[in-house]
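The structure displayed is predicted, hence computed values, not measured ones. FYI, the numbering just counts along the sequence from 1. Side chains are part of it too, since the values below use all heavy atoms of this structure and drop only hydrogens, waters and symmetry mates.
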Amino acid sequence: MASSTVFTSLNLFKSKKSTKLNPSTRFSHSRQQLSSNSVKCCSTTTTATTEEETTRRVTVKNGNDSLDICRVLNGMWQTSGGWGRIDRDDAVEAMLRYADAGLSTFDMADHYGPAEDLYGIFINRVRRERPPEYLDKLRGLTKWVPPPVKMTSSYVRGSIDVSRKRMDVPCLDMLQFHWWDYSNPGYIDALKHLTDLKEEGKIKTVALTNFDTERLQIILENGIPVVSNQVQHSIVDMRPQQKMAELCQLTGVKLITYGTVMGGLLSEKFLDTNLAIPFAGPPLNTPSLQKYKRMVDAWGGWSLFQTLLQTLKKVASKHGVSIPTVAVKYILDQPAVAGSMIGVRLGLSEHIQDSYAIFSLVLDEEDVNSIQEVSKRGKDLLKVIGDCGDEYRRS
């Protein structure tokens with residue numbers, strides 16, 4: 001794409017409230033960022049980089065800030081209740097099994113029940129029971145979702161200190177920031193204070209979650225060095241590829257995706273089922289299944305979703321993998337996507353084998369075309385819901 005075309009498109013994302021940069025300076029800076037911030041596969045502290053490791057890990061970067069993560073992240077929303085009772089000891093043992101398998105990046109939040117506390121217990125087990133180089137590959141990503149109060153330095157600092165204490169780490173690997181109300185510009189203040197804490201060594205990388213394209217540009221224009229934005233993204237929900245991915249490719253900010261297997265809806269369990277008939281199909285008995293069933297309804301309904309599952313099953317059978325494995329790999333192959341989340345029900349069920357199979361799966365042109373054909377038959381969720389994160393801000 002010619003630079004003039006990119007800049008013209010970028011203007012579509014602008015806000016009248018943004019801190020404007022000189023256009024030529026801004027574009028030049030963005031082009032430099034695109035080169036320097038691109039995701040790069042890397043080793044951590046080992047002396048050799050294996051092909052397997054470069055497939056599994058990537059680095060998200062902005063300027064001098066960088067963090068290498070596993071491309072398949074263990075999502076810990078499921079520890080917050082609603083998925084079954086979590087036993088602390090069983091959960092920590094499960095975390096060790098995931099990490100032992102190389103699935104060593106855990107994503108949590110301040111409001112995910114005991115998630116941060118479990119990570120603190122887990123990392124202390126690692127310190128005691130695993131070699132030092134094992135610790136080097138662990139990543140604990142958390143989120144901060146503050147109420148709409150004044151974002152003072154002391155308030156932000158105190159909130160981050162709580163997460164540092166719960167996770168038992170001197171420095172958070174990544175702090176992903178969420179903001180509920182864009183009409184309140186306090187999110188810029190909060191992010192500036194988070195950047196100060198990064199400079200003090202209390203946060204390694206600053207990131208976002210559920211921000212839309214317009215606000216992401218405003219944040220970047222205010223000099224906040226965010227490395228990623230965590231957004232909902234699946235074969236059903238392709239909104240991030242319509243606006244967000246273009247800005248991300250221009251600036252180097254990467255996407256970390258959740259909802260990629262739609263709480264388990266994108267699986268063999270729901271293939272050839274009819275939820276319109278009471279008790280005829282698996283129950284929608286978790287918050288994530290209920291949430292993503294609503295997304296299916298908005299996209300095109302259960303009949304079209306069955307067509308998608310049948311298509312995915314055909315691709316999965318061809319490669320000897322599962323439907324969720326295909327669903328995640330498809331999104332990992334999308335522009336600007338650094339990693340995808342798979343929720344873990346620690347101590348209750350595991351999907352380590354399916355997750356690990358993602359790294360070796362290669363979708364060919366026939367696979368991609370067949371998936372795209374069904375995906376595009378659904379409604380344009382950007383028009384139905386809005387941009388990334390708007391589902392959390394609708395009145």
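- A salt bridge links R139 with D68: the distance from a Lys NZ or Arg NE/NH1/NH2 to an Asp or Glu carboxylate oxygen falls below 4.0 Å.
- Defined by atom type and a distance below 3.5 Å, a donor-acceptor pair is missing between the side-chain atoms of Q310 and Q306.
- With respect to the salt-bridge test (charged N to carboxylate O, under 4.0 angstrom), the residues D297 and K293 qualify.
- No more than 12 heavy atoms of other residues, nucleotides or ligands lie within 6.0 Å of CZ in R85, so this atom counts as exposed by the packing criterion.
- Residues passing the salt bridge (charged side-chain N to carboxylate O under 4.0 Å, His left out) test with D390, sequence neighbours excluded: none.
- Without hydrogens or angle criteria, R239 side chain to G386 main chain gives a donor-acceptor distance under 3.5 Å.
- For T311 and S370, the side-chain atoms include no donor-acceptor pair closer than 3.5 Å.
- Remark: C248 SG to Q217 CD distance equals 11.5 Å, nearest 0.5 Å.
- In plain terms, the two heavy atoms of G102 and R56 that are nearest each other are O-NH1, 3.3 Å.
- Judged as a salt bridge (charged side-chain N to carboxylate O under 4.0 Å, His left out), and not counting sequence neighbours, D387 has no contacts.
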Indicate every side-chain donor-acceptor pair of residues 343-350 with a distance under 3.5 Å to a residue at least two apart or in another chain.
from	atom 1	to	atom 2	distance (Å)
R345	NE	W83	O	3.4
R345	NH2	W83	O	2.5
E350	OE2	R97	NE	2.6
E350	OE2	R97	NH2	2.5

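- Between the side chain of R393 and the backbone N or O of G389 there is at least one donor-acceptor pair closer than 3.5 Å.
- Pairs engaging residues 310-324 under the salt bridge (Lys or Arg N to Asp or Glu O under 4.0 Å) rule: E268-K313, K318-D364, K318-E366, K318-D367 [sequence neighbours left out].
- Salt bridge E93/R88: absent, no basic N to carboxylate O contact under 4.0 Å.
- Side-chain contact, R215 with Y187: no donor N or O sits under 3.5 Å from an acceptor N or O.
- Under the ring pair (Phe, Tyr, Trp, His ring centres under 6.0 Å) criterion, H178 pairs with W180, not counting sequence neighbours.
- Listed for the T105 side chain is a donor-acceptor partner under 3.5 Å among the backbone atoms of C70.
- Of all heavy-atom pairs spanning A338 and L332, the tightest one is O-CD2, 4.2 Å.
- Looking only at side-chain heavy atoms (C-beta outward), K143 and Y112 come within less than 4.5 Å of each other.
- Shown here for V253 and V226, the closest heavy-atom pair between the two residues is CG2-O, 3.7 Å.
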Practice task
List the steps and the verdict of side-chain contact (heavy atoms from CB on, under 4.5 Å) for T152 and R157.
Solution key: CA-CA 9 Å; T152 64; R157 181 182 300 272; over 6 Å; no
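- Atom OG of S159 sits about 11.0 Å away from atom NE2 of H193, to the nearest 0.5 Å.
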Practice task
Start with the C-alpha distance between T325 and K329, add both sets of side-chain angles, then the distance that settles side-chain contact (heavy atoms from CB on, under 4.5 Å), and finish with yes or no.
Solution key: CA-CA 6 Å; T325 297; K329 179 61 174 177; 5.5 Å; no
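- Between P240 and Q232, the closest heavy-atom pair is CG-O, 3.4 Å.
- Q176 is not listed as a side-chain neighbour of L208, based on a closest heavy-atom distance of 4.5 Å or more.
- In terms of the ring pair (Phe, Tyr, Trp, His ring centres under 6.0 Å) criterion, residue partners of F122 (sequence neighbours excluded) are, by chain and number, F106, Y119.
- With sequence neighbours left out, H351 forms a ring pair (Phe, Tyr, Trp, His ring centres under 6.0 Å) with Y98.
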Practice task
Check the pair V227, L67 against side-chain contact (heavy atoms from CB on, under 4.5 Å), reporting the backbone distance first and the verdict last.
Solution key: CA-CA 9 Å; V227 298; L67 186 72; 5.9 Å; no
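- More than 12 heavy atoms of other residues, nucleotides or ligands shown are found within 6.0 angstrom of CG on D181.
- Applying the ring-ring contact (aromatic ring centres under 6.0 Å, His included) test to every pair with at least one member in residues 133-161, sequence neighbours left out, gives these pairs: W144-F177.
- Evaluation of the side-chain hydrogen bond (donor to acceptor under 3.5 Å, both in side chains) rule for Y392 yields Y258, K291 as partners, not counting sequence neighbours.
- A donor-acceptor distance shorter than 3.5 angstrom exists from the side chain of T286 to the backbone of L289, with no hydrogens or angles considered.
- For T205 (side chain) and D173 (main-chain N/O), a donor-acceptor pair under 3.5 Å exists by modelled atom type.
- Applying the ring pair (Phe, Tyr, Trp, His ring centres under 6.0 Å) test to F305 and every residue at least two apart in sequence or in another chain returns W302.
- Residues E391 and N210 bring no donor and acceptor atom of their side chains to less than 3.5 Å of each other.
- Note on V162 and L172: separate hydrophobic clusters, where clusters join Ile, Leu, Val, Met, Phe, Trp and Tyr whose side-chain heavy atoms are under 4.5 Å apart, directly or indirectly.
- The side-chain heavy atoms of M76 and E116, taken from C-beta on, include no pair separated by under 4.5 Å.
- Annotation: side chain of D272 is not in contact with side chain of L309 (no heavy-atom distance under 4.5 Å).
- In this structure the side chain of K137 reaches within 4.5 angstrom of the side chain of R57, judged on heavy atoms.
- Residues M341 and I256 are in side-chain contact: their nearest non-hydrogen atoms beyond the backbone lie under 4.5 Å apart.
- No side-chain donor-acceptor contact under 3.5 Å links N74 to the backbone of M95.
- The salt bridge (charged side-chain N to carboxylate O under 4.0 Å, His left out) test applied to K204 returns no partner, not counting sequence neighbours.
- Residues V60 and M174 form a side-chain contact, since some pair of their non-hydrogen atoms from C-beta on lies under 4.5 Å apart.
- Counting all heavy atoms, side chain and backbone alike, G113 lies closest to S80 at N-CB, 3.8 Å.
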Practice task
Let me see the working for M167 and I123 under side-chain contact (heavy atoms from CB on, under 4.5 Å), right down to the final yes or no.
Solution key: CA-CA 8 Å; M167 296 172 67; I123 201 167; over 6 Å; no
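- In this structure a side-chain-to-backbone donor-acceptor pair under 3.5 Å is missing from D65 to K61.
- Residues L382 and F211 fall into different hydrophobic clusters, defined by Ile, Leu, Val, Met, Phe, Trp and Tyr side chains chained together at heavy-atom separations under 4.5 Å.
- R71 places a side-chain N or O within donor-acceptor distance of the main-chain N or O of V337, the cut-off being under 3.5 Å.
- In the hydrophobic clustering of ILVMFWY residues, with side-chain heavy atoms under 4.5 Å counting as a link, V149 and L191 come out together.
- Listed for the S228 side chain is no donor-acceptor partner under 3.5 Å among the backbone atoms of K254.
- Using a cut-off of 4.0 Å between Lys/Arg side-chain N and Asp/Glu carboxylate O, K165 and D161 are scored as not salt-bridged.
- Between H233 and D237 the shortest side-chain heavy-atom distance does not fall below 4.5 Å.
- In the displayed structure, E129 atom CD is contacted under 6.0 Å by more than 12 heavy atoms of other residues, nucleotides or ligands.
- With sequence neighbours excluded, the residues satisfying salt bridge (charged side-chain N to carboxylate O under 4.0 Å, His left out) with R127 are D168.
- Nearest heavy-atom pair, P282 versus T273, reported as atom, atom and distance to 0.1 Å: CD-CG2, 3.7 Å.
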